[in-house]
There are 4 protein chains.
Amino acid sequence: MTAQPRAHLRADARRNRAQIITTATRAFVDNGPDVPLEEIARLAGVGIGTLYRNFPDREALILAVVQTSMGVMLTKAREARAEHEHAWDALARTLSTSRELSLTLRVQRLFSPATVAALSADPTIRQIRNELIKVIDDLVQAAQREGSMRPDVDTGDVTHLFSLLMLPSTHRTPSEIAEMSYDRAREIIFDGLRARPGTPLPGRPLSATDIYPD
Amino acid sequence: MTAQPRAHLRADARRNRAQIITTATRAFVDNGPDVPLEEIARLAGVGIGTLYRNFPDREALILAVVQTSMGVMLTKAREARAEHEHAWDALARTLSTSRELSLTLRVQRLFSPATVAALSADPTIRQIRNELIKVIDDLVQAAQREGSMRPDVDTGDVTHLFSLLMLPSTHRTPSEIAEMSYDRAREIIFDGLRARPGTPLPGRPLSATDIYPD
Amino acid sequence: MTAQPRAHLRADARRNRAQIITTATRAFVDNGPDVPLEEIARLAGVGIGTLYRNFPDREALILAVVQTSMGVMLTKAREARAEHEHAWDALARTLSTSRELSLTLRVQRLFSPATVAALSADPTIRQIRNELIKVIDDLVQAAQREGSMRPDVDTGDVTHLFSLLMLPSTHRTPSEIAEMSYDRAREIIFDGLRARPGTPLPGRPLSATDIYPD
Amino acid sequence: MTAQPRAHLRADARRNRAQIITTATRAFVDNGPDVPLEEIARLAGVGIGTLYRNFPDREALILAVVQTSMGVMLTKAREARAEHEHAWDALARTLSTSRELSLTLRVQRLFSPATVAALSADPTIRQIRNELIKVIDDLVQAAQREGSMRPDVDTGDVTHLFSLLMLPSTHRTPSEIAEMSYDRAREIIFDGLRARPGTPLPGRPLSATDIYPD
DNA sequence: TATGAATGAGCATTCATTCAT
DNA sequence: GATGAATGAATGCTCATTCAT
């Protein structure tokens with residue numbers, strides 16, 4: 001589910017490409033969206049020219065990173081749906097992510113509105129996003145039919161909450177604490193989504209189209 | 001509660017200073033953390049020289065912006081505590097913020113890890129943060145005594161969730177929707193924090209010191 | 001007739017601007033169209049930032065250089081027309097140029113087709129060029145009425161020949177020789193333009209519009 | 001008359017080499033002296049590595065292009081001398097060139113002073129140039145003996161004028177017009193060189209050695 | 001004190017050249 | 001020999017910061 005690696009690439013070149021994406025993902029999360037590309041190249045162990053041969057400019061690299069990251073998320077969601085009998089469990093599983101994976105997911109919160117707008121125009125991104133929304137939409141509806149999710153929310157509410165969870169943790173807390181606080185926040189939020197007598201929510205259920213009007 | 005405005009400043013100079021901070025706050029939120037200082041100066045209607053006279057470098061300006069923003073938050077929390085009989089309501093009120101205010105709060109999520117680390121070293125920031133934590137700590141304990149908040153969380157869990165809510169909304173959704181999704185997410189999260197039979201949380205209650213080990 | 005120096009500029013800034021244009025002109029002629037802008041800045045005795053403050057990119061600098069150069073040429077042609085009774089003499093005088101001036105004129109032959117196309121879109125350039133063509137057109141017609149210029153040519157032929165003369169001399173000949181060969185070539189070409197029994201020319205007289213179809 | 005094609009080269013390799021030179025000539029004329037070598041390789045249908053195997057660096061390629069171009073010119077001049085009874089006609093014929101040929105000739109006007117200086121140091125270039133000068137020198141002297149060329153010019157004047165004619169046409173005029181203006185300019189210049197009462201020229205006749213002092 | 005011009009360090013990007021396949 | 005991937009030096013350009021007016 002990676003970003004369209006041009007089909008016939010020499011083996012070493014393909015390795016380089018993957019290596020650059022991995023390194024860039026970590027670098028963006030660690031140092032913010034403005035890491036010098038030269039630093040990414042250096043961390044990836046390639047020359048700056050190699051980075052540019054694979055990604056003609058900074059935006060192309062960001063695009064590949066985000067495509068990969070969203071692809072991973074989509075895969076994760078589909079696996080979760082396939083492996084769990086109850087939709088509720090599948091949703092929870094989609095976000096119960098390893099540290100490794102969370103790195104990939106958090107990348108999506110890093111970029112400026114302008115960059116995000118540019119990314120949203122990319123056909124691959126749009127397609128992955130739409131498929132992801134479809135999966136989550138399925139799960140949300142199923143969970144509500146199962147009676148496990150409160151009926152006064154819709155997919156837009158759920159994706160919004162999911163996207164909040166993907167926040168990079170700002171404070172340099174030790175990683176054990178960071179992971180624990182992520183896990184606990186996720187469970188608290190899921191408790192908030194659970195079907196049971198609760199506060200009526202303001203406004204109206206937000207659909208996926210409310211949040212991503214395209 | 002602004003950032004240490006040097007005591008005796010000519011009225012117009014003080015106005016300049018405040019104007020720059022306000023403009024910078026909006027510029028950071030709108031255009032990301034890398035807005036050129038010259039653009040901020042231009043938007044504030046002053047020369048770049050004037051900006052630099054007030055804030056010796058970029059970090060100083062960011063510092064002032066964040067100090068102001070956190071100061072507003074602290075004031076808000078104290079007001080909420082003073083005006084509400086029940087701690088639970090005070091907590092909810094602290095986050096039920098006007099659009100205007102949310103601008104101020106979201107600024108805190110904008111900067112790179114390195115910048116945030118630098119900010120965390122500033123004594124004024126630390127003091128405001130500690131006082132804010134103290135207020136929230138009070139409210140959390142009171143709410144738990146009142147029986148409205150689940151007993152298996154601690155202040156660190158709560159501040160973490162609060163900080164998630166301060167996310168700038170990434171998707172260029174119409175502001176009415178953005179506001180609604182913020183309000184709904186906040187309520188869902190509060191429902192998750194409510195005291196009632198729910199899922200046991202993983203790990204252990206996180207205290208403020210777990211999250212901000214200082 | 002320089003390139004629109006923004007009206008109110010501090011005296012030193014205006015000096016800088018002029019100095020950069022002069023230096024750039026010489027640098028383009030001496031080192032070709034790709035001189036590093038940093039070298040121009042260095043030769044002009046300013047920082048690279050100053051150059052960029054005055055000319056936002058390389059194209060803007062080239063534009064100013066060419067505008068200035070064409071403005072000088074236009075001024076020269078008008079002076080020649082005003083000071084000479086016979087149109088023929090005015091035409092000759094327009095091209096009998098000091099070394100200093102020839103530097104300015106030769107700049108026009110330096111740039112790539114793409115750059116020239118971009119320059120041709122500039123309103124100031126177009127206006128200067130049109131006025132220059134008008135002056136030469138006047139002189140050509142007057143010279144033909146006077147009987148000094150052969151009747152089977154038109155303004156386009158003349159401007160084409162003029163533009164040939166503006167060629168930078170390729171071979172590093174001593175400047176005395178270079179100047180002499182320029183003067184002699186000019187006179188030979190003018191002899192070819194003189195009205196007297198000569199070879200019939202192929203094709204048809206070329207008007208200014210043939211050469212600059214806009 | 002190509003540039004020293006190493007004697008024993010496999011047929012396909014020789015074809016490659018010729019193909020690259022042809023392509024490079026057109027690319028230089030069309031896109032200016034800075035066309036990336038990779039683009040030339042692409043246009044020639046070979047890999048960049050093959051280009052480099054044939055021409056160890058950019059200068060070597062330019063050298064080969066110019067050698068070829070000057071060789072063509074020399075051949076042309078010799079043919080003209082052989083085929084015309086009158087020297088005057090031979091000179092005229094040397095420059096009455098097909099569009100195809102003019103491409104080859106114009107290449108000589110493209111490169112920066114520094115590059116030209118480097119080219120001038122190449123023994124093959126020098127030899128071709130000297131032979132070319134010798135042919136033109138012969139023709140000029142013969143034409144003057146024949147009484148068709150004015151006696152107050154020398155070979156240096158003539159080569160200078162010839163070199164002016166080799167200008168790439170800057171303005172994107174339709175090729176029919178460009179060709180016509182070239183032909184007409186050539187005839188006007190030849191009229192200026194014709195022996196008949198005319199203006200006395202400034203300075204003194206310029207010999208080939210004046211212009212190419214070597 | 002306010003202004004905005006000057007400076008130059010830093011990063012993005014391109015492309016000549018080398019070298020593994 | 002041919003190919004095209006990798007390298008890194010060179011250059012364009014931006015912007016934080018300083019300083020003359």
Side-chain angles (χ1 to χ4, degrees), chain A residues 6 8-17 20 34-42 44-61, chain B residues 9-10 12-13 16 34-42 45-61, chain C residues 8-17 20 34-42 44-61, chain D residues 9-10 12-13 16-17 34-42 45-61:
Chain A
R6 268 153 305 157
H8 300 299
L9 219 46
R10 256 163 44 184
D12 59 338
R14 198 160 45 240
R15 238 185 341 268
N16 267 340
R17 188 187 156 85
I20 291 169
D34 300 314
V35 222
L37 295 193
E38 249 171 44
E39 184 170 349
I40 294 179
R42 191 173 46 69
V46 302
I48 182 64
T50 300
L51 189 154
Y52 269 90
R53 159 175 284 272
N54 283 281
F55 308 98
D57 57 19
R58 168 176 277 267
E59 187 175 320
L61 176 57
Chain B
L9 220 43
R10 261 170 35 191
D12 58 338
N16 266 344
D34 300 315
V35 219
L37 294 194
E38 247 171 40
E39 184 170 351
I40 294 178
R42 192 174 48 68
V46 302
I48 181 68
T50 301
L51 189 153
Y52 267 88
R53 161 170 292 274
N54 282 281
F55 307 97
D57 59 18
R58 164 174 272 265
E59 189 175 318
L61 175 58
Chain C
H8 300 300
L9 217 47
R10 255 165 42 186
D12 58 337
R14 199 159 45 239
R15 239 187 339 272
N16 267 339
R17 189 188 155 83
I20 291 169
D34 300 313
V35 221
L37 294 193
E38 249 170 46
E39 184 170 349
I40 295 179
R42 190 173 47 69
V46 301
I48 182 66
T50 300
L51 190 153
Y52 270 91
R53 159 176 283 271
N54 283 281
F55 307 98
D57 57 19
R58 168 175 279 267
E59 187 176 319
L61 176 57
Chain D
L9 220 44
R10 259 168 38 191
D12 60 336
N16 265 345
R17 188 187 157 83
D34 300 313
V35 219
L37 293 193
E38 247 171 40
E39 184 171 350
I40 294 178
R42 192 174 47 69
V46 302
I48 181 68
T50 302
L51 189 153
Y52 267 89
R53 161 170 292 274
N54 283 281
F55 307 98
D57 59 18
R58 166 174 271 265
E59 189 176 317
L61 175 58

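Here is how names work: the chains are called A, B, and so on, in the same order as the sequence lines, proteins then strands, and each is numbered from 1. Since we're looking at a predicted model, the values are computed, not measured.
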Of A:Pro56 and C:Ile48, the one whose closest DNA chain E nucleotide lies more 5': C:Ile48

When you match A:Tyr52 and D:Asp57 each to their closest nucleotide on DNA chain E, which lands nearer the 5' end?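 Counting from the 5' end, the first nearest nucleotide belongs to A:Tyr52.
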
Atom CD of residue position A:Glu59 - does it have more than 12 heavy atoms of other residues, nucleotides or ligands inside 6.0 Å? no

Measure from the side chain of [X], starting at C-beta and using heavy atoms only, and say which of [options] lies closest.
X       : options              : result
B:Glu38 : E:dG4, F:dT17, E:dT1 : F:dT17
A:Arg53 : F:dA6, E:dA12, F:dA2 : F:dA6
A:Val46 : F:dA6, F:dA16, F:dT7 : F:dT7

Restricting to non-hydrogen atoms, name the atom on [X] and the atom on [Y] that form the minimum distance, rounded to 0.1 Å.
X       : Y       : answer
B:Asp57 : B:Tyr52 : CA-CE2, 4.0 Å
A:Val46 : A:Leu51 : CG2-N, 4.4 Å
C:Ile40 : C:Ile20 : CG2-O, 4.4 Å

When you match D:Gly47 and A:Gly47 each to their closest nucleotide on DNA chain F, which lands nearer the 5' end? D:Gly47

On DNA chain F, compare the nucleotides closest to C:Asp34 and A:Gly45; which residue's is nearer the 5' end?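 Counting from the 5' end, the first nearest nucleotide belongs to A:Gly45.
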
[N] [atom2] sits how many Å from [X] [atom1], rounded?
X       : N      : atom1 : atom2 : value
C:Arg15 : F:dA20 : CZ    : C1'   : 12 Å
C:Arg42 : E:dG8  : CZ    : P     : 13 Å
C:Leu51 : F:dC15 : CG    : P     : 17 Å
A:Arg14 : F:dA6  : CZ    : P     : 12 Å
B:Leu37 : F:dT18 : CG    : C1'   : 13 Å
B:Phe55 : F:dT18 : CZ    : P     : 16 Å
A:Arg17 : F:dA5  : CZ    : P     : 12 Å
C:Ile40 : F:dC13 : CD1   : P     : 11 Å

If the cut-off is 4.0 Å, is [X] near the phosphate of [N], judged by side-chain N/O to OP1 or OP2?
X       : N      : result
D:Asn16 : F:dA2  : yes
B:Thr50 : E:dT3  : yes
A:Arg58 : E:dT13 : no

Identified pairing partner of F:dA20, criterion: Watson-Crick or G-U wobble below 3.5 Å: E:dT3

Counting only Watson-Crick pairs (N1-N3 plus N6-O4 or O6-N4) and G-U wobbles (N1-O2, O6-N3), all under 3.5 Å, who is the partner of E:dG8?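 Partner of E:dG8: F:dC15.
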
Return the CZ to OG1 distance between A:Arg17 and A:Thr50, rounded to the nearest 0.5 Å. 13.5 Å

